[in-house]
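Below is one structure, written out as structure tokens, with a few remarks after it.
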Amino acid sequence: MPEGHTIHRLAQDYAAAFQGTKPLVTSPQGKFSDAAELLTGSELTRTEAHGKHLFLGFRATDWIHIHLGLFGKVTFGGAPAPPPTDTVRLRLANSTAYVDLRGPTTCALITPAEKQAIHDRLGPDPLRADTDADPQAAYRRISRSRTTIAALLMDQKVVAGVGNVYRAEVLFRHRIDPYRAGKDIAPVEWDAIWTDLVGLMREGVRNNRIDTVRPEHTPEAMGRPPRVDDHGGEVYVYRRANLPCHVCGGEIRTADLAARNLFWCPNCQKP
DNA sequence: GCCCAATGTCGAC
DNA sequence: TCGACCTTGGGCA
């Protein structure tokens with residue numbers, strides 16, 4: 001689930017269900033019990049997302065910091081809330097709704113200073129492009145780096161919110177070889193990548209899934225069978241190893257890069 | 001039942 | 001570069 005679009009969508013969904021209310025806050029699993037006790041019955045005043053980090057603001061200055069990691073999941077439902085399972089780290093419940101958080105890497109009560117420190121170590125987020133994201137800050141790092149663009153796009157200090165799917169897909173959409181060094185990415189190329197990420201990720205928030213295939217390459221347009229992929233969206237290369245490229249018909253390749261699976265089309269994305 | 005993979009990150013060596 | 005961490009679901013016996 002969790003790339004930046006998921007987290008921004010969650011910020012919206014938590015706000016829609018709980019902002020302005022004073023939910024019961026519990027931690028059936030126990031790992032967040034002390035903080036839950038401090039917060040329960042206080043008002044959820046706002047929510048925020050930066051990259052893959054989610055912040056739930058209670059009262060004036062209390063923040064719950066959530067990071068889903070690879071496995072974290074969030075489930076919303078209507079009242080009355082069913083009995084929680086014993087893996088629920090955090091539950092909010094009010095008179096109309098409940099939401100359960102399971103398996104997060106982080107769920108902690110933090111101060112405004114600690115929250116600021118998290119923002120400070122994150123790069124610009126394409127989903128905050130209309131407020132405070134500066135793509136040139138990302139380019140300054142990229143243009144000075146001998147690291148591959150594939151690795152740089154996953155580095156949250158460089159760009160916040162891009163994960164393994166958007167990384168693979170945006171490089172394909174711009175026909176960029178994932179192994180090219182950051183310093184060999186031209187300013188116009190970075191501008192195009194950033195603009196594309198803004199559009200793709202906004203659509204991801206809207207639809208709650210990642211779709212990257214242009215209309216002219218959809219199954220209908222190309223006269224090929226509908227996708228059989230199971231990750232939720234229509235994509236060019238992600239998890240399509242050894243399958244034919246939607247554009248050129250060549251074989252999609254996969255490789256390990258920094259402990260993650262990289263996918264690309266060597267024919268469309270030439271060095 | 002067991003084993004593996006998964007849209008992530010950190011810290012030890 | 002590697003293991004640790006958090007949880008679920010699918011494939012297989």
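In what follows, chains are A, B, ... by sequence order, proteins preceding strands, each numbered from 1. In this text the structure is predicted, and so the values were computed from the model without any measurement.
Side-chain atoms of A:His174 never come within 3.5 Å of backbone atoms of A:Glu169 as a donor-acceptor pair (strictly under, hydrogens ignored).
Between the P atoms of B:dC13 and C:dC5, the separation comes to 14 Å (whole Å). To the nearest whole angstrom, the two P atoms, one in B:dG1 and one in C:dC6, are 22 Å apart. Taking atom C1' in both C:dT1 and B:dT7, the straight-line distance is 23 Å, to the nearest Å.
Between B:dA6 and A:Asn261, a contact under 4.0 Å exists linking OP1 or OP2 to a side-chain N or O. Regarding contacts with the backbone of B:dT7, a side-chain N or O of A:Tyr238 is found under 4.0 angstrom from either OP1 or OP2. The phosphate of C:dC6 has neither OP1 nor OP2 within less than 4.0 Å of any side-chain N or O from A:Gln29. The side chain of A:Arg89 contributes no N or O atom lying less than 4.0 Å from OP1 or OP2 of C:dC6. Residue A:Lys73 has no polar side-chain atom (N or O) positioned under 4.0 Å from OP1 or OP2 of C:dC6.
Between A:Arg140 and A:Asp134 a salt bridge is recorded (basic side-chain N to carboxylate O distance below 4.0 Å).
If you take CG of A:Asp155 and P of B:dG8, they are 13 Å apart, rounded to a whole angstrom. Taking atom CG on A:Asn164 and atom P on B:dA6, their separation rounds to 9 Å, with Å as the unit. Nucleotide B:dA6 holds its P atom 6 Å from the CZ atom of A:Arg239, rounded to whole Å. Atom CG in A:Leu153 sits about 12 Å away from atom P in B:dG8, given to the nearest Å. Put simply, CZ on A:Arg167 is 12 Å from C1' on B:dG8, counting in whole angstrom units. Between the P atom of C:dG3 and the CG atom of A:Leu70 lies a distance of 17 Å, rounded to the nearest Å.
Aromatic stacking of A:Phe71 on C:dT7: satisfied, with centres closer than 5.5 Å and planes within an angle under 30 degrees.
Within 4.0 Å of A:Lys31, counting heavy atoms only, lie sugar-phosphate atoms of the nucleic acid but no base atom.
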Practice item. In sequence, state the C-alpha distance, the side-chain angles, and the governing distance for A:Tyr139 and A:Glu189, and then conclude on side-chain contact (heavy atoms from CB on, under 4.5 Å). Key: CA-CA 10 Å; A:Tyr139 189 69; A:Glu189 290 178 304; over 6 Å; no
Exercise for review: Carefully, step by step, assess A:Leu10 and A:Leu68 under the rule side-chain contact (heavy atoms from CB on, under 4.5 Å).
Suggested key: CA-CA 11 Å; A:Leu10 285 174; A:Leu68 295 183; 3.9 Å; yes
Polar-atom pairs under 3.5 Å, protein N or O versus N or O of nucleotides 9-11 of chain B: list them with distances, or write none.
unit_1: B:dT9; atom_1: OP1; unit_2: A:His67; atom_2: NE2; d: 3.3
unit_1: B:dT9; atom_1: OP2; unit_2: A:Lys52; atom_2: NZ; d: 3.1

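Nearest heavy atom pair, residue A:Pro266 against residue A:Arg253, reads CG-CD, 3.3 Å.
A:Glu37 CD: 12 or fewer foreign heavy atoms inside a 6.0 Å radius.
A cation-pi contact, defined as under 6.0 Å to the ring centre and within 45° of the axis, links A:Arg175 to A:Phe172.
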